[in-house]
Asker: 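Okay, here's the structure, questions in a sec.
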Amino acid sequence: MLVLGIETTCDETAAAVVERQSDGRGRILSNIVRSQTEEHAPFGGVVPEIAARAHVEMLDGIVASAMQQAGIGFAQLSGVAAAAGPGLIGGVIVGLTTAKAIALVHDTPLIAINHLEAHALTPRLTDALEFPYCLFLASGGHTQIVAVLGVGNYVRLGTTVDDAMGEAFDKIAKMLGLPYPGGPQVERAAAAGDPARFAFPRPMLGRADANFSLSGLKTAVRNEASRLTPLQPQDINDLCAGFQAAVLDSTADRLGVGLRLFHERFGAPRALVAAGGVAANQAIRGALREVAAKARTTLMIPPPALCTDNGAMIAWAGAERLALGLTDTMEFAPRARWLLDANITTPDKFANTRAGF
Ligand code: KG4
Ligand code: ZN
């Protein structure tokens, strides 16, 4: 089956066509992502209004390119999938409405996808990974440890109680005068810094739950930075190195607990999967490798283009659902918030507050 996928929940406008073969394996026919980084950079973070407008302007052209690159017509589609949340509501409306229009005009099923579910199912597209497995998702809007047990069957084992991890990297960069997006900048500065110069707190270390917290660490960095102002380049490097070292220790500890909880509840996971922009960080990858080895499981990180937001993951999640007969109606409403597992009552967090917006 062939599925078109549309992603517009944050600052990437993306569309892709993915094939799900009869043996359940996936193949990407096209995958087009247009990042809005340039539009948002002057503001130091994603501006929801600018994002929504850019999605409106870009999406039709990107869908057309994805179809053209895949070499198929709309009539050949088995379905059209769009990320229907969680995310910045303006963008979600643009993507879902476009998908509905295509579904109506071409009389093909609509599949409304939870953006987090799409991240969660990606290793089945890239590596045909079998359930169950443990997902660590760390992006600008989300920080979660999720037990992925089946299509539509997810249990959140841990989440951030304040900032998302990528958001914390972006805020640290902003406070130190580094450009947006901050994650790669902080990583680069940290590589030239001394992680031991500042004794920053290791948030949540040793706690029995698998939750994350990053705002206390962020405040500690801010206090140190204002004490040192005016900052010299070496101060910035050392502050970044200290921050990143604290994030690494905290991540290793939290994931260790998350994997233990996974074992207790669901047995051995087939892999620890990392996704989201933060998984691009080499130091974090190193920490994840150690955590996985300690828990005697394999670490799997999809290629960077499929770790960050993209249309292929939405198309694939659509194909997985479609194969199970799960489709949605034209009444499906866009959702700013949408928990991956309906049983959890803790409020989820999304990035509309990120970088001050
Ligand atoms: O998954 P993603 O591309 O998009 C969404 O958040 O939707 O993640 C982007 C986030 C940003 O906050 C960015 O600063 C962070 O991932 N990031 C990194 C690195 N590369 C991107 N954080 C730390 N180290 C990196 N190398
Ligand atoms: Zn994402």
Side-chain angles (χ1 to χ4, degrees), residues 5-14 33-37 40-41 44-46 48 51 55 83-88 91-92 95 113-122 135-144 146 160 163-176 178-191 212 214 217-218 240-241 243-248 250-251 273-288 301-314 316-317 338 340 348-357:
I6 293 173
E7 160 60 39
T8 53
T9 61
C10 192
D11 60 343
E12 273 93 18
T13 315
V33 181
R34 200 261 182 197
S35 168
Q36 301 170 4
T37 306
H40 300 291
V46 177
H55 287 308
L88 299 174
V92 177
I113 297 297
N114 180 315
H115 176 93
L116 301 172
E117 173 173 47
H119 277 299
L121 295 177
T122 298
L135 173 77
F136 172 53
L137 173 64
S139 69
H142 305 281
T143 305
Q144 305 197 345
V146 180
T160 181
D163 290 348
M165 199 172 277
E167 178 185 13
F169 270 89
D170 292 337
K171 286 180 175 170
I172 294 294
K174 197 175 184 184
M175 93 176 56
L176 299 178
L178 300 172
Y180 173 84
Q185 304 285 338
V186 171
E187 181 178 14
R188 197 167 311 133
F212 293 78
L214 290 146
L217 171 60
K218 190 184 63 195
C240 287
F243 165 76
Q244 189 173 277
V247 171
L248 291 186
S250 180
T251 301
V273 177
V278 182
N281 183 301
Q282 291 300 329
I284 289 189
R285 284 178 178 228
L288 295 181
I301 307 182
L306 296 175
C307 264
T308 54
D309 291 351
N310 65 87
M313 69 177 189
I314 306 297
W316 175 252
W338 186 357
L340 194 48
D348 196 7
K349 164 156 183 57
F350 187 68
N352 7 20
T353 55
R354 128 163 101 149
F357 294 101

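Atoms within each ligand, like the ligands themselves, are counted from 1 in listed order. Because only heavy atoms are used, hydrogens play no part in the values below, and waters and symmetry mates are left out as well, while side chains stay in.
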Asker: Give a yes-or-no answer on whether the side chains of H55 and T8 include a donor-acceptor pair shorter than 3.5 Å.
Answerer: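 On atom types as modelled, these side chains do not qualify, holding no pair under 3.5 Å.
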Asker: Counting heavy atoms only, which of D170, L137, D11, I284 is nearest atom 14 (O) of ligand 1?
Answerer: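 That would be D170.
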Asker: Which heavy atom of A274 sits nearest to which heavy atom of P302, and what is that distance?
Answerer: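 In this case the closest contact between A274 and P302 is O-CD, 3.2 Å.
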Asker: Could you work out, with salt bridge (Lys or Arg N to Asp or Glu O under 4.0 Å) as the rule, every residue matching E187, not counting sequence neighbours?
Answerer: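 None.
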Asker: What heavy-atom pair brings C240 and L178 nearest, and what distance separates the two atoms?
Answerer: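 Looking at all heavy atoms of both residues, the closest pair is SG-CD1, 4.0 Å.
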Asker: Could you report the tightest heavy-atom contact between L288 and F136, atom names first, then the distance?
Answerer: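 Residues L288 and F136, closest heavy atoms: CD2-CD2, 3.9 Å.
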Asker: Distance under 4.0 Å to a non-hydrogen atom of E187: what atoms of ligand 1 satisfy this?
Answerer: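 That gives atoms 25 (C), 26 (N) of ligand 1.
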Asker: Would you call the rings of F243 and F169 parallel, tilted or perpendicular if under 30° counts as parallel and over 60° as perpendicular?
Answerer: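 Ring orientation, 0 to 90° scale: perpendicular.
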Asker: For a quick test of reading the model, state the closest non-hydrogen atom pair linking T37 to P181 and the distance between them.
Answerer: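 Looking at all heavy atoms of both residues, the shortest contact is CG2-CD, 3.6 Å.
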Asker: Which of the atoms in ligand 1, numbered in the order shown and given with their element, are less than 4.0 Å from a heavy-atom of G276?
Answerer: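 This gives 1 (O) as the contact atoms.
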Asker: Is there a side chain to side chain contact (heavy atoms under 4.5 Å, CB included) between M165 and T160? Walk through the geometry before answering.
Answerer: CA-CA 8 Å; M165 199 172 277; T160 181; over 6 Å; no
Asker: Any nitrogen or oxygen of A280, main chain or side chain, under 3.5 Å from a nitrogen or oxygen of ligand 1?
Answerer: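 No; the residue has no nitrogen or oxygen that sits under 3.5 Å from a nitrogen or oxygen of the ligand.
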Asker: Counting from 1, what ligand 1 atoms have a heavy atom of D309 closer than 4.0 Å?
Answerer: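 This gives 4 (O), 5 (C), 7 (O) as the contact atoms.
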Asker: Which ligand 1 atoms does G141 reach within 4.0 Å, using its non-hydrogen atoms?
Answerer: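 Listed by number with element: 6 (O).
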Asker: Can you name the one residue among V146, L340, I314, T122 that meets side-chain contact (heavy atoms from CB on, under 4.5 Å) with E117?
Answerer: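 Passing option: L340.
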Asker: If you measure every N/O of H119 against every N/O of ligand 1, is any gap under 3.5 Å?
Answerer: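 Between H119 and ligand 1, no N or O pair is found under 3.5 Å apart.
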Asker: Nearest heavy-atom pair of V46 and C10: which atoms, and what distance?
Answerer: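 Of all heavy-atom pairs spanning V46 and C10, the closest is CG2-SG, 4.3 Å.
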Asker: Polar-atom distance check: G166 versus ligand 1, any N or O pair below 3.5 Å?
Answerer: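 Yes.
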Asker: Under 3.5 Å between some N or O of ligand 1 and some N or O of E12?
Answerer: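 By distance alone, the answer is no.
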Asker: Evaluate C10 for polar contact with ligand 1, using N/O atom pairs at a separation under 3.5 Å.
Answerer: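 No; the residue has no nitrogen or oxygen that sits under 3.5 Å from a nitrogen or oxygen of the ligand.
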Asker: So, is G183 polar-close to ligand 1, with some N/O to N/O distance under 3.5 Å?
Answerer: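 N/O-N/O distance below 3.5 Å exists for this pair.
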Asker: Mind counting the protein N, O or S atoms sitting less than 2.8 Å from the Zn ion (ligand 2)?
Answerer: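 Protein heteroatoms (N, O, S) closer than 2.8 Å to the Zn ion (ligand 2) number 3.
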Asker: For S139 and G276, which heavy atoms make the closest approach, and how far apart are they?
Answerer: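 Closest pair (atom of S139, atom of G276, distance): CB-CA, 4.1 Å.
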